[in-house]
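One structure is given here, and the rest of the page talks about it.
Hydrogens, waters and symmetry mates are skipped; everything else that's a heavy atom, side chains included, is used.
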Amino acid sequence: MNKLEELKKHLKRGNVYRRTDLTKWSKSVDRHLDLLLEDGTIQKLSQGVYYYPKETVFGHTPPEEEVLVRSFLKDDRFLLTSPNAYNTLGVGTTQLYNTRVVYNHKRHGEFKLGSRTFLFQIKHHFPNKLNQEFLLVDLMNNLENLAEDKDEVLKNISSKIPQLDARKLTHSVSEYGNAKTKKMFHSLME
């Protein structure tokens with residue numbers, strides 16, 4: 001069995017690999033990557049990031065966003081979200097955004113990974129999973145950047161506050177809110 005076939009044996013469909021991940025199975029990583037790209041075995045998503053696609057009856061599937069971001073960051077500590085999540089709060093946000101936001105501790109900026117673009121933002125604090133309280137605080141943090149009726153949304157936020165867990169909301173405001181958001185919530189929660 002040649003070295004390229006040996007490398008292929010270690011690849012698992014649906015996984016995203018960094019170039020450095022493959023060095024443990026190949027001494028000629030760049031040459032093998034070129035050959036795998038040429039024969040369509042893998043797809044290049046970004047500089048040094050490659051995907052071994054899953055096959056379905058409809059063709060190749062794109063990588064899962066979580067797997068893609070985890071491999072790109074080389075870290076599990078991130079929160080993947082979108083401004084569309086604010087629409088679930090029921091506070092009058094209705095716009096649909098073609099933006100995926102990744103809160104993380106390492107990268108900042110807009111990165112194209114495969115055919116998708118992600119907006120990476122460095123945040124010191126963010127929860128492991130989205131919840132209503134965090135979304136409300138995040139909405140307030142980003143309200144100026146959204147194409148929404150700000151006065152209407154603020155009015156709806158003040159009526160939404162009593163419906164949420166006060167302890168969780170207070171924690172979310174103190175942990176995740178910027179100065180303006182903290183000030184707004186303190187006036188709304190009194």
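Between the side chain of K54 and the backbone N or O of T61 there is no donor-acceptor pair closer than 3.5 Å. Of the possible donor and acceptor atoms, none in the side chain of S172 sits under 3.5 Å from a partner among the backbone N and O of V137. Side chain of R18 to main chain of V49: no donor-acceptor pair is present (N/O by atom type, distance under 3.5 Å, no hydrogens or angles).
Note on L154: it clusters hydrophobically with V91, by side-chain heavy-atom contacts below 4.5 Å among ILVMFWY residues. In terms of hydrophobic clustering, with Ile, Leu, Val, Met, Phe, Trp and Tyr side chains grouped at heavy-atom distances under 4.5 Å, V69 and V67 are assigned to a common cluster. By the rule that hydrophobic residues join a cluster once side-chain heavy atoms approach within less than 4.5 Å of another member, Y51 and L11 end up as members of separate clusters. No single ILVMFWY cluster, assembled from side-chain heavy atoms under 4.5 Å apart, contains both V102 and L119. Under the 4.5 Å side-chain contact rule for hydrophobic residues, L22 and L113 do not share a cluster.
The number of heavy-atom neighbours closer than 6.0 Å to CG of N98, taken from other residues, nucleotides and ligands shown, is 12 or below. E65 CD: more than 12 foreign heavy atoms inside a 6.0 Å radius. Within 6.0 Å of atom CG in N128, 12 or fewer heavy atoms from other residues, nucleotides or ligands are found, so the atom counts as exposed in its surroundings. Dense packing is recorded around CD of E55, with more than 12 heavy atoms of other residues, nucleotides or ligands lying under 6.0 Å away. More than 12 heavy atoms of other shown residues, nucleotides or ligands fall within 6.0 angstrom of atom NZ in K123.
S159 approaches P162 most closely through the heavy-atom pair O-CD, 3.4 Å. Taking each heavy atom of K106 and L73 in turn, the nearest pair found is NZ-O, 3.1 Å. In plain terms, the two heavy atoms of S71 and V16 that are nearest each other are OG-CG1, 3.4 Å. Among all heavy-atom pairs drawn from I42 and L37, the shortest one is O-CD2, 3.6 Å. Contact between S26 and H32 at its shortest, heavy atoms only, is OG-ND1, 2.5 Å. A pairwise comparison of heavy atoms in R19 and D30 identifies NE-OD1, 2.8 Å as the closest pair.
Between L164 atom CG and L136 atom CG the span is 6.0 Å, to the nearest 0.5 Å. Here Q121 contributes atom CD and L79 contributes atom CG; the two are 11.0 Å apart, rounded to the nearest 0.5 Å. A distance of 8.5 Å separates OG in S82 from CG in N87, rounded to the nearest 0.5 Å. Considering CD of E133 and NZ of K160, their distance stands at 9.0 Å, rounded to 0.5 Å. Between the NZ atom of K112 and the OG atom of S46 there is a distance of 10.5 Å, given to the nearest 0.5 Å.
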Exercise for the section: List the steps and the verdict of side-chain contact (heavy atoms from CB on, under 4.5 Å) for V173 and M140. Expected result: CA-CA 10 Å; V173 170; M140 288 288 287; over 6 Å; no
Handout entry: Worked check of side-chain contact (heavy atoms from CB on, under 4.5 Å) between H60 and Q43
Key = CA-CA 10 Å; H60 296 307; Q43 299 170 353; 4.1 Å; yes
Problem - Check against side-chain contact (heavy atoms from CB on, under 4.5 Å), V101 and N142 - result: CA-CA 12 Å; V101 179; N142 296 303; over 6 Å; no
Exercise for the section: Check step by step if side-chain contact (heavy atoms from CB on, under 4.5 Å) holds for D21 and N15. Expected result: CA-CA 11 Å; D21 297 337; N15 282 2; over 6 Å; no
Practice task
Applying ring-ring contact (aromatic ring centres under 6.0 Å, His included), run through Y17 and Y52 and close with a yes or a no.
Solution key: CA-CA 8 Å; Y17 297 96; Y52 187 30; 7.5 Å; no
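The shortest side-chain heavy-atom distance between Q95 and L146 does not fall under the 4.5 Å cut-off. Taking 4.5 Å as the limit, every side-chain heavy atom of N84 sits out of range of all side-chain heavy atoms of T99. Here the side chains of N104 and D75 are not in contact, with every heavy-atom distance at 4.5 Å or above. In this structure, the side chains of H10 and K24 stay at 4.5 Å or more apart for every pair of heavy atoms. No side-chain heavy atom of Q132 sits under 4.5 Å from any side-chain heavy atom of K168. Between Y103 and D138, some side-chain heavy-atom pair lies under the 4.5 Å cut-off. Under the 4.5 Å side-chain criterion, counting only non-hydrogen atoms from C-beta, P63 is in contact with R116. Counting only heavy atoms from C-beta outward, the side chains of F120 and H108 never approach each other to under 4.5 Å.
Ring centroid separation for the pair H105 and F126 comes in under the 6.0 Å cut-off. Ring centroid separation for the pair F72 and F118 does not come in under the 6.0 Å cut-off. Residues Y176 and F134 bring their aromatic ring centres within 6.0 Å.
Pairs engaging residues 148-158 under the side chain to side chain donor-acceptor pair (under 3.5 Å) rule: Y97-E148 [sequence neighbours left out].
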